[in-house]
Amino acid sequence: MKVIIKSDYDEMSRYTADYIIRKINRHNSSPAGAERPFVLGLPTGSTPIGVYHCLVEAFKEGKVSFANVVTFNMDEYVGLPEDHPESYHSFMARHLFDHVDCPASHIHILNGNAPNLEEECRKYEEAIASYGGIDLFLGGIGPDGHIAFNEPFSAFDSRTRIKTLTKDTRIANSRFFGGDPSRVPEMALTVGIATVMDSREVVILCSGHSKALALKAVIEGALTQMWPISALQMHARGMIVCDDASAIELKVGTYRYFKQLENV
Ligand code: GLP
């Protein structure tokens with residue numbers, strides 16, 4: 001696992017956006033770019049907003065185009081209208097898709113209002129497979145180590161499915177729902193841990209003190225269902241981009257090891 005520790009949120013966001021831009025541009029200028037689009041997995045949450053901001057700026061400056069990019073979002077609440085300001089459809093439009101040239105037909109977000117939710121999840125996995133899998137999955141991390149909406153004790157081989165949100169996650173996400181956890185939907189559709197880990201590359205963002213224990217668990221802890229993000233330890237091309245605030249629980253030796261590698 002590669003760990004990049006940046007001094008603050010802005011640096012972390014810029015580094016990650018530049019990394020994604022390089023990957024898209026490299027793909028598009030290679031023979032593979034003419035044959036198939038670059039397939040990008042995307043998260044919501046407050047952490048990736050800085051990355052999206054940098055991607056939009058880079059698009060406006062002509063440094064990247066999303067015309068040959070296909071996207072798959074990680075998750076969506078069940079039963080929340082698509083045009084609700086806190087739906088992940090609205091979030092993605094607001095922070096990325098309304099500002100770049102990604103064709104609407106290339107954008108995939110789970111429909112939490114589908115008449116048959118199980119069918120919706122099955123079709124989502126099929127759609128990912130139809131593009132030959134995901135090239136790069138960008139993700140966030142919950143304070144309890146959840147990834148997408150794969151709460152603690154989610155199976156490592158889980159696929160896209162319906163999940164009941166834990167009380168902790170509803171409390172954490174209540175800040176977007178007027179501070180009232182009961183207004184946070186009880187269920188969500190989410191890609192599974194295996195869906196994310198099948199991606200050719202996984203990049204996880206982690207920022208702030210509230211994520212320090214989760215970061216310690218994924219980097220220094222054991223592989224365990226208690227910390228779903230620990231699955232990243234099994235990925236051949238897994239990378240965490242974090243900031244100093246979230247790195248406070250790491251051992252001094254671990255911190256120095258990754259900082260030293262970064263400077264090589
Ligand atoms: C939600 C999302 C996750 C995200 C997490 C952390 O639960 N489903 O994909 O990683 O929030 O969000 P934040 O970045 O706001 O801390």
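Order of appearance sets the numbers: ligands from 1, and atoms from 1 within every ligand. For this chain, numbers begin at 1 and follow the sequence in order.
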**Q.** Protein contact to atom 4 (C) of ligand 1 [nearest heavy atom, distance to 0.1 Å]
**A.** T44 O, 4.1 Å

Q | Numbered atoms and elements of ligand 1 in range of K211, under 4.0 angstrom, heavy atoms | A | 13 (P), 14 (O), 16 (O)

Q | Ligand-residue contact atoms, ligand 1 with R175, heavy atoms, under 4.0 Å | A | 13 (P), 15 (O), 16 (O)

Q.
Between ligand 1 and A148, is the shortest N or O to N or O distance under 3.5 Å?
A. yes

Q) Which of the atoms in ligand 1, numbered in the order shown and given with their element, are less than 4.0 Å from a heavy-atom of N173? A) 1 (C), 7 (O)

Q.
In this structure, would I134 and I21 fall into the same cluster of hydrophobic residues linked by side-chain contacts under 4.5 Å?
A. no

Q. Where is the tightest heavy-atom contact between S154 and K163, given as atom of each residue plus distance?
A. OG-NZ, 3.4 Å

Q.
Whether the R122 and N116 side chains hold a donor-acceptor pair (N or O, under 3.5 Å, no angle test) is what I'd like checked.
A. no

Q. Just which atoms of ligand 1 are under 4.0 Å from any heavy atom in T47?
A. 13 (P), 14 (O), 16 (O)

Q) Can you list the residues that meet the salt bridge (Lys or Arg N to Asp or Glu O under 4.0 Å) rule with D198, with sequence neighbours excluded? A) R159

Q: Among all protein heavy atoms, pick the one closest to atom 12 (O) of ligand 1 and tell me residue, atom and distance.
A: G45 CA, 3.8 Å

(Q) Using 30° and 60° as the class boundaries, would you call the ring planes of F149 and Y88 parallel, tilted or perpendicular? (A) parallel

Q. Quick one: nearest non-hydrogen protein atom to atom 6 (C) of ligand 1, plus distance?
A. I141 O, 3.6 Å

Q. Does a side-chain N-to-carboxylate-O contact under 4.0 Å join D244 and K259?
A. no

Q) Quick one: nearest non-hydrogen protein atom to atom 5 (C) of ligand 1, plus distance? A) H146 NE2, 3.6 Å

Q) Does a sphere of radius 6.0 Å around NE2 in H53 hold more than 12 heavy atoms from other residues, nucleotides or ligands, not counting ones at 6.0 Å or beyond? A) no

Q. Just which atoms of ligand 1 are under 4.0 Å from any heavy atom in Y88?
A. 1 (C), 2 (C), 8 (N)

Q | Contact partition for D75 relative to ligand 1, non-hydrogen atoms under 4.0 Å | A | side chain

(Q) Taking the six-membered ring for Trp, are H106 and F97 closer than 6.0 Å centroid to centroid? (A) no

